[in-house]
Amino acid sequence: MSTAELLKGAAELFPDEVVTQAHVRHIELPGGVGTFALITLDNGLDHTKPTTFGPQSLANIDAAITQVEAEAAEGGIVGVGVTGKPFVFAVGADLKGVELLKRHEDALAVGKGGHDVFKRLAALAVPTFAYYNGAAMGGGVEIGLHCSYRTVSAALPAFSLPEVFLGLVPGWGGCTLLPNLIGADRAVTVIIENSLNQNKQLKGAQVYELGIADALFEGADFLEQSLLWTASVLGGELVVERPEIDRGAAWDQAVERGRFVADSKVHGAAPAAYRALDIIAAAKDGDLQAGYDAEDTALADLIMGGELRSGIYAFNLVQRRAKRPAGAPDKSLARPVTKVGVVGAGLMASQLALLFLRRLEVPVVLTDIDQERIDKGVGYVHAEIDKLLGKGRINQDKANRYKGLVTGVLDKADGFSDADFVIEAVFEEMGVKQKVFAEVEAVAPAHAIFATNTSSLSVSEMASKLKNPERVVGFHFFNPVAILPLLEIVRGERTDDASLATAFGVAKKLKKSAVLVKDAPAFVVNRILTRFMGEIQSVIDEGTPVAVAERAVEPLGLPMSPLVLLELVGPAIGLHVSETLNRSFPDRFTVSQNLAAVVKAGKRGFYVHDSGKPELDPEVVALLKQGDTVLTEEQTRARVLDAVAQEIGLMLDEGVVAEAQDIDLCLLTGAGWPFHLGGITPYLDREGVSERVNGKPFLEPGVASVPA
């Protein structure tokens with residue numbers, strides 16, 4: 001089958017493809033070097049929209065290559081370049097189409113089609129050049145790897161091979177060509193380590209430093225400078241030299257390092273990283289075609305697997321659903337926020353003050369019970385501003401302006417009388433929070449929104465004693481505030497639409513992924529994690545060794561083990577939330593007496609880290625009182641997953657969120673749940689847990705799974 005026939009057949013499977021055109025124009029290079037053919041990739045959308053490659057797009061690129069191939073054979077051109085529309089090079093395969101594929105042979109055709117087109121660039125009779133002028137990911141990176149030379153813009157904001165992050169492998173040459181270009185160790189960093197580190201992106205300068213690009217030019221005149229550089233290369237004035245690749249033990253060591261990274265991140269639970277590493281390992285001998293064939297097979301296998309479907313599902317949740325929160329009121333109802341008040345000046349409150357200051361750039365005033373605490377909170381914000389200045393993230397003028405905008409007051413009347421939005425971050429006790437809001441209501445303007453950062457208490461009860469409870473809303477952030485994107489926005493029983501719309505408007509300006517949540521105990525993330533952790537703790541309390549309980553959930557590929565997570569959250573907070581939920585749902589949420597003993601002893605967790613790795617603290621071991629019921633890893637895992645599936649089913653029945661998709665979005669953005677799981681519900685569906693516990697899957701067939 002020819003490339004054209006292959007792509008024509010595949011095109012029928014991508015009915016909604018946004019087609020990328022490949023325009024060829026001819027340029028006379030300076031210095032009399034000759035005529036140069038430049039292929040520009042452009043999907044016709046505005047400059048911020050990504051350019052993707054589906055079958056029709058690949059066919060258009062193939063046709064452009066056919067044109068320049070003929071010109072090169074006739075001696076009409078001296079070289080060929082590939083670039084993108086302004087600000088965007090290309091971001092690779094059309095994932096909307098990939099997730100519709102139902103047959104292995106169709107998936108294989110997509111992989112082979114991309115290879116067949118891109119290989120033609122490498123086979124041209126003249127040198128080829130890729131000009132990475134903007135965002136380049138996946139297949140966008142790979143089309144450039146097939147070229148003889150590459151330049152990159154210093155303004156390029158994002159460059160990556162994110163396939164492993166989504167549950168794929170770089171399947172159009174990435175796994176084979178990149179290690180042969182920059183060495184196995186650097187390739188492992190880009191393909192495995194960066195992908196599994198929450199899809200870390202490279203900047204233009206880093207692309208050049210890694211050796212992926214041969215030259216780095218400023219963004220303002222990037223294409224002009226790239227063409228001048230090209231003329232120097234083609235004219236013989238400039239010779240591009242690349243270091244020799246170490247194909248000895250260093251290559252094998254790099255692959256082993258990659259396996260260690262994969263094990264530490266996904267614990268063998270997702271195959272993509274390991275398939276990519278197998279191809280990198282085999283690429284050591286430089287047999288490119290064998291590498292391409294292996295990429296085709298791996299790509300097809302993974303496209304038909306659950307992890308990719310979950311990865312695409314997760315990607316769509318974060319990129320689309322998070323930007324259009326389900327149930328959010330009309331944004332036209334939102335009120336402007338020109339000043340923010342923060343009640344509390346501890347670490348959490350200070351982090352919030354810094355976030356509001358940086359994103360909203362309005363006056364922020366902190367208050368607390370004494371001047372010493374206030375000064376410490378303002379001092380924290382000032383110190384963080386100085387760190388940003390030192391790293392070059394802001395200039396001196398902005399640093400001065402930020403410092404001038406943040407103040408602290410002891411008397412709320414002095415600071416909150418003109419505040420539009422007041423958030424409290426004080427001790428997690430209902431009486432304390434009700435007292436704080438009563439004091440704020442007495443001095444704040446009538447239109448001000450009152451937000452609570454409570455992690456588990458009832459927003460409705462908190463507002464119940466106010467004259468205007470309709471302006472109270474839950475605004476639950478996750479630690480670390482600057483990093484985790486999730487913001488659970490909680491609607492109390494009497495919260496009005498204007499207050500809610502204002503809260504969503506503020507969340508958007510804070511660049512947070514907001515999810516509307518019903519006022520239910522512990523909301524979403526803490527409720528699920530507490531049920532999850534509660535089952536682990538119960539199993540330990542009943543007699544299962546700690547190590548067995550921890551290993552039991554490794555197949556989920558979670559970012560950290562349950563007890564390490566407990567250490568991060570803080571045992572006291574974990575105990576408090578479990579007690580809160582126990583009062584609401586005593587039949588499902590237990591309070592671990594062993595955890596209570598750990599908290600009473602003032603221990604920071606179950607582990608000590610003196611040796612550089614977590615080891616059970618002997619003092620904690622001495623505190624543990626266990627029964628004689630010992631479960632296996634499989635029994636423990638089944639019990640934990642059954643409990644989580646039950647809790648999610650109950651939460652959906654209660655209307656805590658609109659759909660299962662919101663549960664997954666919360667876990668992805670608030671708890672770092674792996675993309676290859678798609679959150680949690682696709683995994684529970686795939687493993688048959690949802691059906692076993694609730695009698696039905698959480699998601700419709702074809703959502704995070706292969707279409708029927």
Side-chain angles (χ1 to χ4, degrees), residues 41 50-53 82 84 88-95 98 110-111 114-115 118 121 130 132 134-147 150 152 156-213 254-255 257-259 261-262 265-266 270-283 288 291-292 294-296 298-299 302-303 307-308 311-312 314-315 319 675-676:
L41 309 173
T51 299
T52 56
F53 300 152
V82 180
V88 177
F89 184 80
V91 298
D94 178 2
L95 293 179
V98 167
V110 169
H115 272 131
F118 292 176
L121 281 172
Y132 292 125
M137 301 173 196
V141 170
E142 289 169 304
I143 191 173
L145 294 179
H146 285 268
C147 293
R150 287 154 296 279
V152 65
L156 180 146
F159 183 105
S160 65
L161 289 171
E163 287 85 353
V164 167
F165 178 65
L166 295 171
L168 282 175
V169 299
W172 285 341
C175 288
T176 301
L177 292 174
L178 191 62
N180 279 289
L181 175 67
I182 63 174
D185 194 64
R186 289 183 171 187
V188 163
T189 296
V190 176
I191 295 171
I192 306 297
E193 190 170 15
N194 287 358
S195 288
L196 294 180
N197 188 18
Q198 293 298 306
N199 194 22
K200 180 181 177 181
Q201 300 294 312
L202 298 170
K203 303 294 186 185
Q206 294 170 305
V207 174
Y208 172 66
E209 289 163 5
L210 283 168
I212 300 172
V255 172
R257 182 177 74 84
R259 296 193 193 283
V261 170
K265 293 290 187 178
V266 301
Y274 303 97
R275 295 293 293 268
L277 286 164
D278 288 343
I279 300 169
I280 294 171
L288 299 186
Y292 300 155
E295 288 176 352
D296 287 341
L299 201 64
L302 293 167
I303 284 175
E307 286 78 15
L308 170 68
I312 294 175
F315 181 82
Q319 294 298 318
F675 259 57
H676 71 261

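FYI, side chains are in, hydrogens and waters are out, and symmetry mates aren't considered; it's all heavy atoms of this structure.
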When rounded to the nearest 0.5 Å, the distance separating CG of Leu308 from CD1 of Ile303 is 6.5 Å
Find the distance between CG (Asp278) and CZ (Arg259) and round it off to the nearest 0.5 Å.
5.0 Å
For a 4.5 angstrom cut-off between non-hydrogen side-chain atoms, does Phe89 reach Val82?
yes
For the CG atom of Leu277 and the CD1 atom of Ile192, what is their distance to the nearest 0.5 Å?
4.0 Å
Has Glu295 got a side-chain atom pairing as donor or acceptor with Cys175's backbone, closer than 3.5 angstrom?
yes
Steps toward side chain to side chain contact (heavy atoms under 4.5 Å, CB included) verdict (Ile212, Val152)
CA-CA 9 Å; Ile212 300 172; Val152 65; over 6 Å; no
Can you name the residues that form a salt bridge (Lys or Arg N to Asp or Glu O under 4.0 Å) with Asp185, not counting sequence neighbours?
Arg257
Residue pair Val164 / Ala276: nearest heavy atoms and the distance that separates them:
CG2-CB, 4.1 Å
Straight-line distance of Ile191 CD1 to Ile280 CD1, nearest 0.5 Å
4.0 Å
Between Leu210 and Thr189, is there a side-chain heavy-atom distance shorter than 4.5 Å?
no
Do Glu142 and Leu161 make a side-chain contact, defined as non-hydrogen atoms from C-beta onward lying under 4.5 Å apart?
yes
Kindly determine whether Asn180 and Leu288 satisfy side chain to side chain contact (heavy atoms under 4.5 Å, CB included), including the steps that lead there.
CA-CA 9 Å; Asn180 279 289; Leu288 299 186; 4.1 Å; yes
Any pair with a residue in residues 158-172 that passes side chain to side chain donor-acceptor pair (under 3.5 Å), sequence neighbours left out, goes on the list, sorted by first then second residue, please.
Ser160-Gln201
State, yes or no, whether a side-chain contact exists between Val190 and Val141 at a heavy-atom distance under 4.5 Å.
no
Taking all atoms of both residues into account, what is the closest heavy-atom pair of Pro162 and Gly138, and its distance?
CD-N, 3.5 Å
Give the C-alpha distance, both sets of side-chain angles, the deciding distance and a yes or no for side chain to side chain contact (heavy atoms under 4.5 Å, CB included) between His146 and Leu177.
CA-CA 8 Å; His146 285 268; Leu177 292 174; 3.6 Å; yes
Considering non-hydrogen atoms only, spot the tightest contact between Ala273 and Leu196 and give its length.
CB-CD1, 4.3 Å
Could you tell me which non-hydrogen atom of Pro271 sits nearest to which non-hydrogen atom of Leu302, and how far apart they are?
CG-CD2, 3.7 Å
Could you tell me whether a side-chain N or O of Arg150 sits under 3.5 Å from a main-chain N or O of Tyr132, the two making a donor and an acceptor?
no
Exam field: side chain Glu307 to backbone His676, donor-acceptor pair closer than 3.5 Å
no
Using the side chain to side chain contact (heavy atoms under 4.5 Å, CB included) rule, take Leu145 and Phe118 through it: C-alpha gap first, then chi angles, then the decisive distance, then the call.
CA-CA 9 Å; Leu145 294 179; Phe118 292 176; over 6 Å; no
Work out which heavy atom in Ala90 is nearest to a heavy atom in Leu41; give both atom names and the distance.
CB-CD1, 4.3 Å
Between CD of Glu193 and NZ of Lys200, what distance do you get to the nearest 0.5 Å?
7.5 Å
Closest heavy-atom contact between Phe675 and Ala314?
CD2-CB, 3.6 Å
